[in-house]
Structures are given as C-alpha cells and as structure tokens.
Amino acid sequence: MAQKPSTPKGTRDFNPLQVQRRNYIIQTIKRHFELYGFMPIETPSFENLSTLMGKYGEEGDRLIFKILNNGDYLDKVDEDLLNNKDSNAMISQLSDRALKYDLTVPFARYVVQHQNDITFPFKRYQIQNVWRADRPQKGRYREFTQCDADVVGSNSLLQEVDFIKLYDDVFTSLQVNGVTIKINNRKILAGLAEIIGAADQLIPFTVALDKLDKIGEERVKQEMQERGISSTALEKLQPVFTLTGSYEEKLEAMKGLLSSSEIGMKGIEELEFINQSLKSNQLKTATLDLDITLARGLNYYTGCIFEVAAPDSVKIGSIGGGGRYDDLTSIFGLKDVSGVGISFGLDRIYLVLEELNLFPDSVRAGVDVLFINFGEMEAAHCSGWLSRFRESGIKTELYPDAAKMKKQMSYADKNNIPYVILAGENEIATGKLTLKNMMEGSQESLTIDEIIARLS
RNA sequence: GUGGUUGUAGCUCAGCUGGUUAGAGCGCCGGAUUGUGGUUCCGGAGGUCGCCGGUUCGAAACCGGUCUUCCACCCCA
C-alpha cells in the first residue's frame, strides 16, 4: 500500500529558493564572523549522552533526543527498572549517544579535548544543525540551525562589546532595522536574589522575573510567592518592576538597590563599562536596551546575557541570544577558562526577512539565461556559446529537448529566468542572436559579445 | 510533558441532522497557436475523504486509538 509521505514532526524540506535564501543569511553571518576574527570549526551531529546530560537543566535533559543503543539494547538494562517501567532511570542504560542540543556545550567539550592544540584566547564560529524534542510551533522546530560565535580564554569585557557590534553589523547588513539587543547581567540577578534573601532560589527567581513583559507584574509576584519568596522580599523588589528610562537611568536606580551586594555591584560595573565603550563607537541600526528582567534559560551563564528581539512589527520570539559563562569547561576538567558567545537563530531570521520582504531580488533559484533548443544542429552550435557565458560567470542552460517553443518559454517563465536566447537557423547564419527580456517581453538582435557585456 | 485544534484532488477549501456516481477555484496536461511565456477560449487527467479499528442496512460525516498541523502552557532559537 502506498503510504502518504511526510517528514517527521517538526522538520522541513527546503526547496531551491529557500536554500538560496538561507545561504544568503548564512553567508552574511559568516562574512561578519570572519571580519571579527572568528574561525570555523565543526563537531559531530551526535555526542556521548553523558557530554550533554545535566548541562541544560532538568527541562533541557527532557528535550535531548536520545539515540537508542544498537544491538540487544534491553539486555543490559537493570531488571527492576525494566519491570517498574522507570523510563527516566533506564535512559542511561538504553542510550549512550544523543543528538546535540546546542553548539555551546559541544564546543566546551572541543576546547577541553583539544586544549593543547589551541592558542587562547580562542575564537571560533560554528554553523550547524541542532535538535530538540520540543513541541513545534511557529518558528520553533525540532531540527534547526544555529550560528554561534564564541571566544574562550579571555575575561575582557571588550569581547562583550565586540559581540554587540557584531549583532549590529549583521542585522544592518541584512537590512533588518529596528532590532533591539537586550542586555542584562546574571550578577545583577544574583545580587537581587541575595538582597531579598532568596540566594538559594536564584533559578526559579530569574525564571519568574523573565516573564514580566509577558504575563505582567501581578502574576510574576504570584509565581514568586508560590516558589517561596516572602512578601517583604517582594516589597524590596518593587523598584525592579517599575524600572523605566534610559540605560544610564536604569543603571543608576539599580545601583541604589544593590549597594549592599558585592556581586550585584560587580554586575553594575560591567554594564557601565560596556555602555561607556559603545559611546565612542555607536551602533548603526540596533538599539541596546538594559533589561533587568532578562534571564535566559541556560543555566551556565554567569555574567552578561544578551537576547535580540526582532523589530516590533514582527511577532516572533527572540532571533538571537548569548552570554558569558565562566565555568563551562570545568565540567570537562579545564578550570579558569571564561567563555562568552552569541547565537543567531537562522530559521527565525529567515521568517523575519520573509515577513519584511527583505530578501534581495538577486537571491533566487534558477539560471540567468536559457537557450531555446531548436534541434540537434542548432543545439550543437549553442554549445560553444554556453561555455563562453559560463566562463563569464553567467548562469546558463540550454533546454534539453527540441520541445515546442511554447513549452520552452513556459519553462523559462515558471523558473523566473530573466533572459531567453533564441539561436535558430537565422541567428546562426547572421551571428546575431535574439535576446528576449522575459520581464518586459522585448527582444533585440545582438552579437554574443554584446550579450555577455550586458549580462555580466 | 499538559490542554486544545487541524487533516477531503498537486495547492486553498466547500460538502446540511449519516443516504446513489464526493464538488469548486487555482495549478497540471492537451488543443486554438509548426519561431515566442505571462492574458483569453475549448477539452482532459487527477481523490479507497490522514491511517487503523468500532457503531450502522449504509460513514468523508458518529465513537475510540494513532500520526500530522497549528495554538496556549512548560521551555526556548
């Protein structure tokens, strides 16, 4: 029985135009990564399960795609676990490998594994697919592409400044104006938790705070209370909920609030430095916005955190994010190496460009010129011309069969081929080819050199 | 992982409280038009109604399961 073909949940096929457009975004990002001194590396699609587990929190562990062991995979499983159907406890016995969940943790593994061959600070970029067993939604897939740039082995805040400028440059180059780069610092969040006496509940506290712009002040407070944060603590936190003004104004207000917290003040200092550095070298189209409620899920961030929001007119989640992680490599045995990095969400950037109609016309599938096939003799004559076109960098093809003119023209039309060349008996005799502009419907008689000069 | 939603021709969708042979628009193929596409006209092909099971004399429609789509949580790019 013929089964209806489909791709697995949360995955997609890409047609030629979509691939061209994705490549356009990737090329733009790559170019800027390299301009900023990042070099490409690649890591395997799957890692040892133990490399990934526990790095993204409990929720993250659940969303990792595990690969079932080969062979008699039930043989090694503990019988009690099997009888109790204790799936979670059995995972480590059923699966040794898993698809990578992001690019940062495999990168940390790479750094530790190759530490003797690496010269620090090490700057790398990586553009590869990652997989998450999440429920798909708009702009959320189970297989998607991340474009990461990270630097490890440098504590300098100039790295953070560079990343902000890199974001600005890439989105300026893609003509996405009005992007907001939100910045915060985990040290400030730690300071806040410390001051309200919830230092041991940093993660639930930040997760709740992160939802402020989405669910509002009341429900955030409610969630915090449910997680055991007292009402006197919430009172101390009140200024955070009503914080407004410029970057500097917000920073000043936070300074007052955090004056008794050493770690909090350290965070303030860092954000001040970044703001100061950007004054002399302003952003082109992006806006830098201090957002104290920005938390970001990943547990390994320790310093500055970033998130890029699409222009207001496009309703989509963040299109990029990143931050500093002081201790990621220590899990793999390399201490005192600080890392900081950012990520571009290719699939979502694609949706933004599509919605705002920002893909250049030059980014399209198909050739520039189609030669009409009039028959064996004429096709043979065209062969030399085809080569000359291609040597000049003009994408060219000859219709493979001497089909009816209508069919050949229709092929050009449907593939959005801008020019058609008619080289039949008359043209071959005179050496002047008929060049038809498919957009305008006009045509003229020109020599091969004239056509090449015009199209290249 | 929780709650809801969707699936009928290649695409977008109609199809009444269950009743003969399941429709439309667009697209596709052929012709009008043997060296000219997009417009027009004429003709044609194409569906075991997501899949499996159940109820019924009878199911695209009702019920259960499953897969898929989209949405809200959770979380996140």
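Every chain is numbered from 1 and lettered A, B, ... according to where its sequence line falls, protein lines coming before strand lines.
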Would you measure the distance from the P atom in C29(B) across to the matching atom in C74(B) and give it in whole Å?
49 Å
Whole-Å distance separating the CG atom of D134(A) from the P atom of C73(B)
13 Å
When all nucleic acid strands are considered with a 4.0 Å heavy-atom cut-off, which category describes D102(A): base, sugar-phosphate, or nothing?
nothing
In whole Å, measure the gap between the C1' atoms of C75(B) and G1(B) for me.
11 Å
Expressed as a whole number of Å, how far does the C1' atom of C51(B) sit from that of U69(B)?
15 Å
For residues 407-456 of chain A, which residue pairs qualify under ring-ring contact (aromatic ring centres under 6.0 Å, His included), counting only residues two or more places apart or in two chains?
Y399(A)-Y411(A)
The salt bridge (charged side-chain N to carboxylate O under 4.0 Å, His left out) partners of R12(A) (sequence neighbours excluded) come to D347(A)
G15(B) and G23(B), which share atom name C1', separated by this distance in whole Å:
7 Å
Does the ring center of F46(A) lie less than 6.0 Å from the ring center of F65(A)?
no
Looking across every strand, which nucleic acid part, if any, lies under 4.0 Å from S318(A) by heavy atom: base, sugar-phosphate, or nothing?
sugar-phosphate
Would you check, one step at a time, whether the test ring-ring contact (aromatic ring centres under 6.0 Å, His included) holds for Y110(A) with F332(A)?
CA-CA 10 Å; Y110(A) 177 99; F332(A) 301 116; over 10 Å; no
Counting the atoms with a prime plus P, OP1 and OP2 as sugar-phosphate, which does Y141(A) contact under 4.0 Å by heavy atoms, base, sugar-phosphate, or nothing?
base
Over how many whole Å does the gap from D347(A) atom CG to C76(B) atom P extend?
18 Å
Under the criteria of a ring-centre distance below 5.5 Å and an interplanar angle below 30°, is F344(A) stacked with the base of A77(B)?
no
Distance-only polar pair, side chains of S410(A) and K414(A), donor-acceptor under 3.5 Å
yes
For R132(A) and G10(A), take the nucleotide of RNA chain B holding the closest heavy atom to each; which residue's nucleotide lies nearer the 5' end?
G10(A)
Write down the distance between CG (D61(A)) and C1' (C75(B)), rounded to a whole number of angstrom.
13 Å
Gap between atoms NZ and C1', on K100(A) and C76(B) respectively (whole Å):
18 Å
Rounding to an integer number of Å, can you tell me how far K9(A) NZ sits from C71(B) C1'?
13 Å
Taking the P atom in each of A45(B) and G50(B), what is the distance between them to the nearest angstrom?
24 Å
In whole Å, what separates the P atom of A59(B) from that of C63(B)?
16 Å
Between A60(B) and U17(B), how far is it from one C1' atom to the other, in whole Å?
16 Å
R135(A) CZ to U68(B) C1': how many Å, rounded?
12 Å
Going by heavy atoms closer than 4.0 Å, what residues in residues 396-425 of chain A are next to RNA chain B?
K404(A), M405(A), K406(A), M409(A), S410(A), D413(A), K414(A), L422(A), G424(A), E425(A)
Sequence neighbours excluded - side chain to side chain donor-acceptor pair (under 3.5 Å) pairs with any residue from residues 58-67 of chain A:
E59(A)-R62(A)
Does R219(A) come within less than 4.0 Å of E223(A), counting only side-chain N to carboxylate O?
no
What residues in residues 302-309 of chain A put a non-hydrogen atom under 4.0 Å from any atom of RNA chain B?
none
V176(A) and L358(A): side chain to side chain contact (heavy atoms under 4.5 Å, CB included), yes or no, with the steps?
CA-CA 8 Å; V176(A) 183; L358(A) 291 176; 4.0 Å; yes
Rounding to a whole Å, what distance do you find between Q137(A):CD and G4(B):C1'?
12 Å
Using the ring centroid of each side chain, check whether F306(A) and Y301(A) are separated by less than 6.0 Å.
no
Extract the stems that RNA chain B is part of, considering only consecutive pairing runs of at least three Watson-Crick or G-U wobble pairs, both distances under 3.5 Å.
B:1-4 with B:70-73, B:10-13 with B:23-26, B:28-32 with B:40-44, B:50-54 with B:62-66
Qualifying side chain to side chain donor-acceptor pair (under 3.5 Å) pairs, either residue in residues 443-456 of chain A, two or more places apart:
R388(A)-D449(A), E444(A)-R454(A), T447(A)-E450(A)
Please work out which residues in residues 436-456 of chain A have a non-hydrogen atom less than 4.0 Å from an atom of RNA chain B and list them by number.
K436(A), M438(A), M439(A), G441(A), Q443(A)
For atom CD1 of I372(A) and atom P of U36(B), their distance in whole Å
11 Å
For Y101(A), give me all partners under ring pair (Phe, Tyr, Trp, His ring centres under 6.0 Å), at least two apart in sequence or on another chain.
Y56(A)
Assign each of R140(A) and R62(A) the nucleotide of RNA chain B bearing its closest heavy atom; nearer the 5' end lies the nucleotide of R62(A)
Assign the ring pair W385(A) / H381(A) to parallel, tilted or perpendicular, where the plane angle (0 to 90°) is split at 30° and 60°.
tilted
So that I can tick it off, tell me whether R97(A) and E47(A) are bridged by a salt bridge, with the cut-off set at under 4.0 angstrom between side-chain N and carboxylate O.
no
Say we look at G25(B) and U34(B): how far apart would their C1' atoms be, to the nearest angstrom?
33 Å
Just call it for K211(A): base, sugar-phosphate, or nothing, with non-hydrogen atoms closer than 4.0 Å on any strand.
sugar-phosphate
Report the residues that fulfil side chain to side chain donor-acceptor pair (under 3.5 Å) with D200(A), sequence neighbours left out, ordered by chain and then residue number.
none
Going by atom type alone, with no hydrogens or angles, which donor-acceptor pairs under 3.5 Å involve a side-chain atom of residues 144-154 of chain A and a protein atom two or more places apart or on another chain?
from: T145(A); atom 1: OG1; to: R22(A); atom 2: NH2; distance (Å): 3.0
from: T145(A); atom 1: OG1; to: N129(A); atom 2: OD1; distance (Å): 2.7
from: Q146(A); atom 1: OE1; to: L103(A); atom 2: N; distance (Å): 3.4
from: D148(A); atom 1: OD1; to: S343(A); atom 2: OG; distance (Å): 2.7
from: D148(A); atom 1: OD2; to: T104(A); atom 2: OG1; distance (Å): 3.4
from: D150(A); atom 1: OD1; to: R124(A); atom 2: NH1; distance (Å): 2.8
from: D150(A); atom 1: OD2; to: Y325(A); atom 2: OH; distance (Å): 2.5
from: S154(A); atom 1: OG; to: S156(A); atom 2: N; distance (Å): 3.2
from: S154(A); atom 1: OG; to: Q159(A); atom 2: NE2; distance (Å): 3.0

Distance-only check: which donor-acceptor pairs under 3.5 Å involve side-chain atoms of residues 34-42 of chain A, not counting sequence neighbours?
from: E34(A); atom 1: OE2; to: Y125(A); atom 2: OH; distance (Å): 2.5
from: Y36(A); atom 1: OH; to: K165(A); atom 2: O; distance (Å): 3.4
from: Y36(A); atom 1: OH; to: D169(A); atom 2: OD2; distance (Å): 2.6

